[in-house]
Structure formats: C-alpha cells, structure tokens
Amino acid sequence: MNRRTVLAMAVGAALLIPGCTGTGGSTKGADAKAADDPSKVTGTIKVLTVRTDLVQDGTMKRYAAEFNKTYPKVKVEFEALTNYEAEVKIRMNTENYGDVLLIPAVIKKADYPKFFASLGTQAERSKKYRFTDFTTVNGKVYGQSPVGVMPGFVYNKRIWKEAGVTEWPTTPAEFLESLKAIKSKTDAIPYYTNFSAGWTLTSWTYVDGAVHCDPQATTKLAEGDPWAKDADLRVGDTLLHDIVKSGLIEKDPTTSNWEESKPRTAKGEIATQWLGTWAIVQFQDAAKKAGANPDDIGFMPFPSQTNGKHCATVAPDYNQAVNVHSKHKEAARAWVDWFTDKSSYVEDNLAISPLKDASMPEVLKPYEEAGVELIEVDDAKGAEVKQIDNTSEVGIYAPEYRQNLVDLARGARKGSLDDFLADLSERWTDAQKTAGS
C-alpha cells in the first residue's frame with residue numbers, strides 16, 4: 001500500500017469512531033512490558049499491516065523467521081489490509097483489532113490509552129528513539145514508528161542534467177525556471193501532479209516546517225494563519241499553483257496514473273514529483289524492472305533556504321502499537337521492539353531509522369554532503385491542528401483541497417489564488433476560536 005505515509009502523518013486526527021467508548025475495558029496495569037527472558041515469551045500474535053506487498057511476497061514471513069531466532073515461542077501471524085483505515089475503524093468498536101496494529105489516523109490522541117498499551121515513559125524512550133512526542137499522552141508513549149520519513153522531490157537526475165540544471169534550486173522562482181528548462185530542452189513532463197490518485201497531493205502539506213526550518217511549524221498551524229504572507233503552506237501552495245498555471249504538468253491531470261508514474265519517472269518521461277523518502281525504493285525498483293538506471297532516481301529538498309541551508313522535516317511513518325486488550329502483550333511488545341530495533345525494515349526501505357544513534361541511509365548522503373538541516377517538528381499541538389482542520393473542513397490531510405487548487409490553476413475552476421487562500425484562512429482561523437471547546 002503506497003499511501004501509508006500520507007495517512008501516517010495525519011495520525012491523531014480529531015475524529016471519533018462512531019459509538020466507540022474504548023470498548024469499556026479498564027486500562028489499569030495495561031502497560032506492555034519488555035521481556036527479561038525472550039525464551040519465556042509465548043503466544044500467538046496477529047500483526048495488522050498496510051504492507052500488502054510485503055505480506056504477498058513473503059517479506060513479512062522472513063522478518064518473522066528472524067524474530068523467532070530470538071523469540072522461538074512466539075508465533076506471528078500477519079493480516080494485510082488494503083483499506084486499512086476504514087477496516088480498522090470498524091474493528092476498534094470491539095476488542096478484536098489485532099495484537100499489534102498501526103495507530104489509525106481516526107483515533108484522537110487523547111484516547112490512545114483507551115486502545116493501546118503503554119510502551120513506557122517519554123522521558124525514558126526519548127533518550128533512544130525519535131518521534132516519541134507523536135504518541136505521548138500524559139507522559140507515556142503509546143506507539144513507535146519503525147521508520148522515519150521525509151518529504152521531498154523524487155526526480156530523474158539525468159533529465160534535470162540534460163536541461164542544464166545541476167544544482168538544487170534554492171527558491172520557488174528558481175524551481176519554476178528549472179521546470180521550464182526541462183520543458184524546453186527535454187521531452188519529459190517537468191512535473192507530475194498525480195491528480196487522480198489524490199493522496200499524492202496531500203504530500204504538499206508537509207512543506208510545513210521545511211520552508212523556514214521551523215520546529216514549531218505545527219504549533220503555528222494551531223495558533224496562527226497557515227496562509228498568511230510568507231507562511232509555509234502559502235509558499236508551498238503558491239508554488240504548486242504556479243507550476244500548474246505555467247503548463248509544466250501532465251496534459252490532463254484527471255487521467256494521471258500513480259503506478260504508471262513510477263516507471264515513467266525512472267525512464268525519464270516524467271522529471272519530478274513531490275512525494276517522500278518512502279517512494280525512493282519504489283521508483284528505483286521500477287527503474288530496474290523497466291531496464292532503466294536506478295541511480296537516476298534522486299531526492300531533492302523543497303526550494304527554500306534558511307541561513308544558507310536547505311531544511312527538511314523528519315516525521316514518523318505509521319506508529320506500531322500494542323492492543324490494550326491483547327492476551328499476549330509481552331509477545332506483542334517483543335515484536336514492536338524487535339521490528340524497530342533489530343529488523344532490516346529500515347535498510348530494506350532506504351528509510352530513516354527511529355534510533356537516534358543510527359546513520360542516514362545511503363540514498364540521503366547528498367543531503368549530508370549539502371548540509372541539509374533535518375528537523376523534527378514539535379507535535380505537541382498536533383491533535384489540536386487536526387481538530388481545527390476537521391472543524392474548518394479545509395482538509396489539509398485530504399486530497400480535495402489540493403485538487404481544487406490544481407483545478408483553479410489549470411482553469412477548470414473559477415477564481416483567483418488570493419481569494420482561494422483567503423477562504424482557507426478565514427475558515428481555519430474561525431475554527432481556531434472553537435478548538436478545544
């Protein structure tokens with residue numbers, strides 16, 4: 001399932017599962033303790049996942065085999081769900097939603113203790129792991145992502161070089177000029193919106209924090225106007241609008257195709273897409289299958305600099321959690337710890353490790369060489385942002401907002417960019433007045 005990252009970054013959405021009250025069970029003593037002796041940990045656990053591909057090709061089974069070398073008495077069963085959010089939402093009206101699961105976006109952060117067993121205190125876990133604040137409630141951590149992800153442009157380096165662009169653009173204006181050079185000097189589509197997929201466009205929300213290298217970007221969404229002059233989302237939305245309006249995208253975005261876009265980018269028919277680090281391995285695999293050079297796939301930060309440096313935000317993918325009602329919490333906790341600390345999942349996906357002392361993946365060496373500053377955005381106000389988003393009906397984590405923006409830019413919708421953004425501002429700031437009430 002390729003949309004896992006977009007959904008994961010919307011974790012803690014301010015919605016309630018209809019009729020759900022945490023299934024009524026007491027959560028007293030519901031911590032999932034780490035095992036002192038792996039040989040004594042027993043039980044059969046069901047692990048829910050969005051990675052249908054890894055279940056189908058046997059990769060998850062191979063991970064389980066490695067896990068069993070340390071925990072021989074635990075049997076791991078996997079269930080891959082294509083429509084994960086919708087299916088798990090229904091299951092969570094009961095106690096039967098797997099032993100280990102990915103925290104759905106629909107669960108309010110304040111309700112995590114009703115559904116998930118604590119993994120320990122943030123004070124302790126934050127010494128070793130990144131992203132602990134994303135699942136912390138009252139000082140306790142309720143989920144752990146096995147990988148970190150980062151938004152950016154997946155691009156074909158060969159095509160950009162053929163267009164004469166060998167340095168990363170440092171401003172939105174430079175980026176536009178680079179795409180125009182690609183259009184005039186190559187046969188490639190400069191930028192691909194993937195409009196039809198929809199979820200791909202939500203990635204543009206994650207320019208937030210990167211434009212001005214601001215760890216407090218989420219707090220500013222909660223307390224300020226995201227589309228004020230120079231605000232991160234306004235900068236990102238304006239760039240997307242200008243790319244489309246300048247005719248630098250696919251001929252008919254309504255007929256775009258996500259799966260086809262991967263080999264087309266690998267072969268150089270498409271030059272650029274705004275996605276995330278999670279997409280790199282998929283595009284490289286597409287290159288191999290298409291007989292193209294996987295080394296042509298590059299990754300580029302948003303065209304903005306602060307104090308002479310590009311910045312990129314790092315955030316968790318879906319967070320794994322232990323079902324508070326699981327009869328085998330120790331075994332479930334063992335899986336979460338092992339999969340995070342010991343599995344090859346990070347390396348296999350060319351991802352960023354959640355372990356603070358781990359090195360960056362090889363594919364991001366250009367970031368290190370260029371001195372790109374990686375920042376973790378403070379998520380203390382994350383739940384409030386989702387509540388504002390829900391109340392305002394703007395939908396910064398939903399596809400319609402950017403699809404409407406693309407339609408506006410290509411002339412399929414009436415109005416001006418200023419009016420479009422002003423409407424978002426008004427709805428958002430009005431919703432702020434009632435947030436938390």
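Nothing fancy with the numbering, it's 1 onward along the sequence.
With sequence neighbours excluded, no residue satisfies ring-ring contact (aromatic ring centres under 6.0 Å, His included) with Phe195. With sequence neighbours left out, the salt bridge (Lys or Arg N to Asp or Glu O under 4.0 Å) criterion links Glu376 to Arg130. Residues satisfying the ring-ring contact (aromatic ring centres under 6.0 Å, His included) test with Phe67, not counting sequence neighbours, are Tyr71, Trp335, Trp338. Taking the side chain to side chain donor-acceptor pair (under 3.5 Å) definition, one finds that Gln432 meets it with nothing, sequence neighbours left out. Here Asp232 pairs with His212 under the side chain to side chain donor-acceptor pair (under 3.5 Å) rule; sequence neighbours left out. For Lys40, the side chain to side chain donor-acceptor pair (under 3.5 Å) test picks out no residue, with sequence neighbours left out. Taking Glu79 as the reference, Lys46, Arg91 meet the salt bridge (Lys or Arg N to Asp or Glu O under 4.0 Å) condition, with sequence neighbours excluded. The salt bridge (Lys or Arg N to Asp or Glu O under 4.0 Å) search around Lys327 returns none, not counting sequence neighbours. Phe299 meets the ring-ring contact (aromatic ring centres under 6.0 Å, His included) test with Tyr367; sequence neighbours excluded. The salt bridge (Lys or Arg N to Asp or Glu O under 4.0 Å) check on Arg62 picks up nothing, with sequence neighbours excluded.
No donor-acceptor pair closer than 3.5 Å links the side chain of Lys109 to the backbone N or O of Gly382. Not one N or O on the side chain of Asp111 forms a donor-acceptor pair closer than 3.5 Å with the backbone of Lys114. The backbone N or O of Phe115 sits less than 3.5 Å from a side-chain atom of Tyr97, completing a donor-acceptor pair. For the pair Asn404 (side chain) and Glu400 (backbone), a donor-acceptor distance under 3.5 Å is present. In terms of modelled atom types and a separation under 3.5 Å, the side chain of Trp168 and the main chain of Pro301 share no donor-acceptor contact. A distance-only check finds no donor-acceptor pair linking the side chain of Ser145 to the backbone of Pro316 [under 3.5 Å]. Side-chain N or O atoms of Asp317 include none that pairs as donor or acceptor with a backbone N or O of Val149 at under 3.5 Å. The backbone N or O of Gly98 lies less than 3.5 Å from a partner atom in the side chain of Asn323, making a donor-acceptor pair. No donor-acceptor pair under 3.5 Å is formed between the side chain of Ser326 and the backbone N or O of Asp99. Here the side chain of Thr121 pairs a donor or acceptor atom with the backbone of Glu124 at under 3.5 angstrom.
Separating the CG atom in Leu179 from the CG atom in Leu248 is a distance of 5.5 Å, to the nearest 0.5 Å. Separating the OG1 atom in Thr429 from the CG atom in Leu424 is a distance of 10.5 Å, to the nearest 0.5 Å.
Inter-residue side-chain proximity for Thr277 and Pro361 is flagged as unmet; no heavy-atom pair is nearer than 4.5 Å. In this structure the side chain of Tyr192 never reaches within 4.5 angstrom of the side chain of Thr272, judged on heavy atoms. Between Thr42 and Lys75, every side-chain heavy-atom pair lies at or beyond the 4.5 Å cut-off. By the 4.5 Å heavy-atom criterion applied to side chains, His328 and Thr44 are not counted as neighbours. At a threshold of 4.5 Å between non-hydrogen side-chain atoms, the residues Leu275 and Thr200 count as touching. The shortest distance between side-chain heavy atoms of Val74 and Pro38 does not fall below 4.5 Å. Under the 4.5 Å side-chain criterion, counting only non-hydrogen atoms from C-beta, Leu201 is not in contact with Asn194. Inter-residue side-chain proximity for Val88 and Leu81 is flagged as met; some heavy-atom pair is nearer than 4.5 Å.
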Intermediate values then yes/no, salt bridge (Lys or Arg N to Asp or Glu O under 4.0 Å), Lys262 and Asp285: CA-CA 9 Å; Lys262 289 184 277 187; Asp285 286 345; over 6 Å; no

Working for salt bridge (Lys or Arg N to Asp or Glu O under 4.0 Å), residues Glu66 and Lys69: CA-CA 5 Å; Glu66 286 298 314; Lys69 292 178 181 179; 2.9 Å; yes

Residues Ser126, Gln122; criterion side-chain hydrogen bond (donor to acceptor under 3.5 Å, both in side chains); working and verdict: CA-CA 5 Å; Ser126 63; Gln122 185 186 28; 5.7 Å; no

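Between Pro190 and Ala271, the closest heavy-atom pair is O-CB, 3.4 Å. The minimum heavy-atom distance linking Ala266 with Asn156 is given by the pair O-ND2, 3.4 Å. Here the closest heavy-atom approach between residue Val235 and residue Pro172 is recorded as CG1-CG, 4.1 Å. When every heavy atom of Ala64 is checked against every heavy atom of Phe78, the shortest pair comes out as CB-CE1, 3.8 Å. Across Ser196 and Gln403, no two heavy atoms sit closer than the pair O-NE2, 4.5 Å. Here the shortest heavy-atom pairing between Pro303 and Phe175 reads CG-CB, 3.7 Å.
Salt-bridge annotation for Arg333 and Asp337: present, with a side-chain N of the basic residue lying under 4.0 Å from a carboxylate O of the acidic one. Electrostatic pairing of Lys140 and Asp31 counts as a salt bridge here, judged by a charged N lying under 4.0 Å from a carboxylate O. Checked for salt-bridge contact, Asp430 and Arg427 miss the test: no charged N lies under 4.0 Å from a carboxylate O.
Residues Thr193 and Glu250 bring a donor and an acceptor atom of their side chains to less than 3.5 Å of each other. With 3.5 Å as the limit, one finds a donor-acceptor pair spanning the side chains of Arg402 and Thr205. With 3.5 Å as the limit, one finds no donor-acceptor pair spanning the side chains of Asn96 and Thr94. Side-chain atoms of Asn349 and Arg51 include a donor-acceptor pair closer than 3.5 Å. Inspection of the Asn68 and Tyr63 side chains reveals no N or O donor paired with an N or O acceptor under 3.5 Å. With no hydrogens or angles considered, a side-chain donor-acceptor pair links Gln273 and Ser261 at under 3.5 Å.
Sorted by first and then second residue, the salt bridge (Lys or Arg N to Asp or Glu O under 4.0 Å) pairs involving residues 294-315 (not counting sequence neighbours) are Arg158-Asp296.
Tested against Tyr318 for a ring-ring contact (aromatic ring centres under 6.0 Å, His included), the candidates Tyr84, Phe131, Phe339 yield a single pass: Tyr84. Checking each of Thr306, Thr313, Leu374, Val372 against Cys213 for a side-chain contact (heavy atoms from CB on, under 4.5 Å) leaves exactly one that passes, namely Thr306.
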Could you pull out every donor-acceptor pair under 3.5 Å between side chains of residues 220-228 and any protein atom, sequence neighbours left out?
| unit_1 | atom_1 | unit_2 | atom_2 | d |
| --- | --- | --- | --- | --- |
| Lys220 | NZ | Asp214 | OD2 | 2.8 |
| Asp225 | OD1 | Trp227 | N | 2.9 |
| Asp225 | OD1 | Ser425 | OG | 3.0 |
| Asp225 | OD2 | Ser425 | OG | 3.2 |
| Trp227 | NE1 | Asp237 | OD2 | 3.0 |
| Trp227 | NE1 | Tyr401 | OH | 3.1 |

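For Asp57, the CG atom sits in a packed shell: over 12 heavy atoms of surrounding residues, nucleotides or ligands are nearer than 6.0 Å.
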